[in-house]
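What follows is a short report on a single structure.
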Amino acid sequence: MDSENDLGNKIRKIYKELRKSEKKVADYILANRYKIEEMGLEEIARNSKVSTPTVVRFTKAMGYEGFKEFRIELLKSGRGDVTETENINLLLDLHVTSDDKLEDIPLKIIGLTVKALEETFKFLNYETYKKAVKMIAEANIIDIYGVGNSGSIGNDFMSKLLRIGLNCRAYSDNHLQQLCACHLGKNDLAIAISHSGETKDTVDALRIAKESGAKTLVLTNFKASVITKYADIVMFTGDTESSFYSETMSSRMSQLAIVDMLYMGLIVSDYKKYTKRLDKINNLTIGKIY
């Protein structure tokens, strides 16, 4: 391990495969990466609110023989010359430092976005994609749940589905989300969008929809997240540079890419029907253009 930042990157790469208890250790280490070199096994376990064997399993998942080897590598890496400001930037996944020039930012952001989109394409399962398109097309009512950035993606998705005549709704208020979820049935579909897959409001709304008998589709970034327990189908974004506690700009672009894939897939699934509906909408809005 060359640096503390390598530790963070390594954790992110395996995070999706960790058990729920091991994720607690990963969460704590990522949030306290510059303090843990002074901690022992018991202290890390106590602060992570897990057992000491869980910490050991986590280090083995990282590729070490056990906690002892993990700690040796951690001590070897040291803190280097990383400044406090840079630590904060790393923690927030901003991917910029105080040394970056303004003219460097556009290329950096484009590069991160392209990488996230390439990873999303790499994770795409075509059978899952086809099933998701079919599920949306056949749904009587479509609910979309999400908050924050994911909520804005949900609104974009709703707008697209409404344009092709599907019965879709998306509310930013979680109380309204849950009210809608309560009344869904077996012919309906609930779509949940959550980068972390751990957002309580979104998870709870999807759980209620699932318990009501609706089919469920999830867009998320992390394989082992809570929300996947309530999903009939899961589509993963590929934002490998993002951590569990941060919803980055590139993750938003990955979510939008999946939304567009589903939307265009729907149109192709019944081209004549949906393009006819789009023509009707276009004729309606043409008078609103200067």
Side-chain angles (χ1 to χ4, degrees), residues 1-98 119 123 194-200 202-204 207 218 220-231 234 236-248 250-251:
M1 187 180 300
D2 297 326
S3 68
E4 284 283 345
N5 192 28
D6 288 340
L7 174 64
N9 290 334
K10 192 171 184 179
I11 291 175
R12 290 187 183 101
K13 288 178 181 178
I14 67 164
Y15 192 83
K16 294 179 183 180
E17 309 300 327
L18 296 176
R19 301 175 182 176
K20 186 176 180 179
S21 59
E22 293 166 354
K23 285 170 63 179
K24 291 182 179 180
V25 183
D27 293 355
Y28 180 77
I29 290 176
L30 282 171
N32 299 272
R33 67 181 76 180
Y34 301 112
K35 298 178 183 178
I36 58 172
E37 63 187 57
E38 302 171 1
M39 298 181 185
L41 174 61
E42 292 77 10
E43 187 175 3
I44 292 176
R46 183 171 61 253
N47 292 340
S48 303
K49 296 181 172 57
V50 299
S51 65
T52 52
T54 297
V55 178
V56 174
R57 284 199 304 270
F58 165 76
T59 60
K60 288 183 177 180
M62 288 277 290
Y64 301 102
E65 292 182 3
F67 180 78
K68 184 177 179 180
E69 184 186 9
F70 169 75
R71 182 169 171 75
I72 290 172
E73 290 298 314
L74 182 63
L75 291 172
K76 282 181 181 178
S77 69
R79 293 186 60 170
D81 297 324
V82 180
T83 67
E84 182 178 355
T85 300
E86 290 169 339
N87 291 347
I88 294 172
N89 286 336
L90 287 170
L91 195 63
L92 295 178
D93 283 332
L94 293 177
H95 300 286
V96 295
T97 71
S98 57
E119 289 292 326
F123 292 157
S194 173
H195 172 70
S196 68
E198 304 283 342
T199 305
K200 192 177 189 315
T202 306
V203 173
D204 287 348
R207 174 181 54 77
V218 165
T220 189
N221 196 69
F222 296 103
K223 187 174 182 179
S225 57
V226 172
I227 204 167
T228 60
K229 293 194 302 183
Y230 306 107
V234 184
F236 292 104
T237 55
D239 188 12
T240 56
E241 293 298 314
S242 173
S243 64
F244 60 97
Y245 52 79
S246 157
E247 194 160 352
T248 65
S250 53
S251 74

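The chain is numbered in sequence order, starting from 1.
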Worksheet item: Does the side-chain contact (heavy atoms from CB on, under 4.5 Å) test come out yes or no for F67 and I44, once each step is laid out?
Response: CA-CA 11 Å; F67 180 78; I44 292 176; 3.8 Å; yes
Discussion item. Strictly distance-based, threshold 3.5 Å: is any side-chain N or O of E17 a donor or acceptor partner for the main-chain N or O of I14?
Written reply: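 Not a single qualifying donor-acceptor pair exists.
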Worksheet item: How many angstroms lie between CG in N221 and CZ in F123, if you round to the nearest 0.5 Å?
Response: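 That separation rounds to 8.0 Å.
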Discussion item. Rounded to the nearest 0.5 Å, what separates atom CD1 in I227 from atom NE2 in H195?
Written reply: 12.5 Å
Fill in: Residue pairs, two or more places apart or on separate chains, that pass salt bridge (Lys or Arg N to Asp or Glu O under 4.0 Å) and touch residues 40-49
none
Worksheet item: Can you name the residues that form a side chain to side chain contact (heavy atoms under 4.5 Å, CB included) with V234, not counting sequence neighbours?
Response: V218, T220, T228, A231, F236
Item to complete: Taking all heavy atoms of A61 and all of L18, pick out the closest pair and write down the distance.
Response: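 Heavy-atom minimum between the residues: CB-CD2, 3.8 Å.
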Worksheet item: What is the minimum heavy-atom distance between E198 and V203, and which atoms define it?
Response: C-CG2, 4.2 Å
Discussion item. Do D204 and R207 have side chains that approach each other closer than 4.5 Å (heavy atoms only, starting at C-beta)?
Written reply: yes
Return all side-chain donor-acceptor pairs below 3.5 angstrom for residues 51-58, not counting sequence neighbours, or 'none' if the list is empty.
| unit_1 | atom_1 | unit_2 | atom_2 | d |
| --- | --- | --- | --- | --- |
| S51 | OG | T54 | N | 3.4 |
| S51 | OG | T54 | OG1 | 3.0 |
| T54 | OG1 | R57 | NH2 | 3.0 |

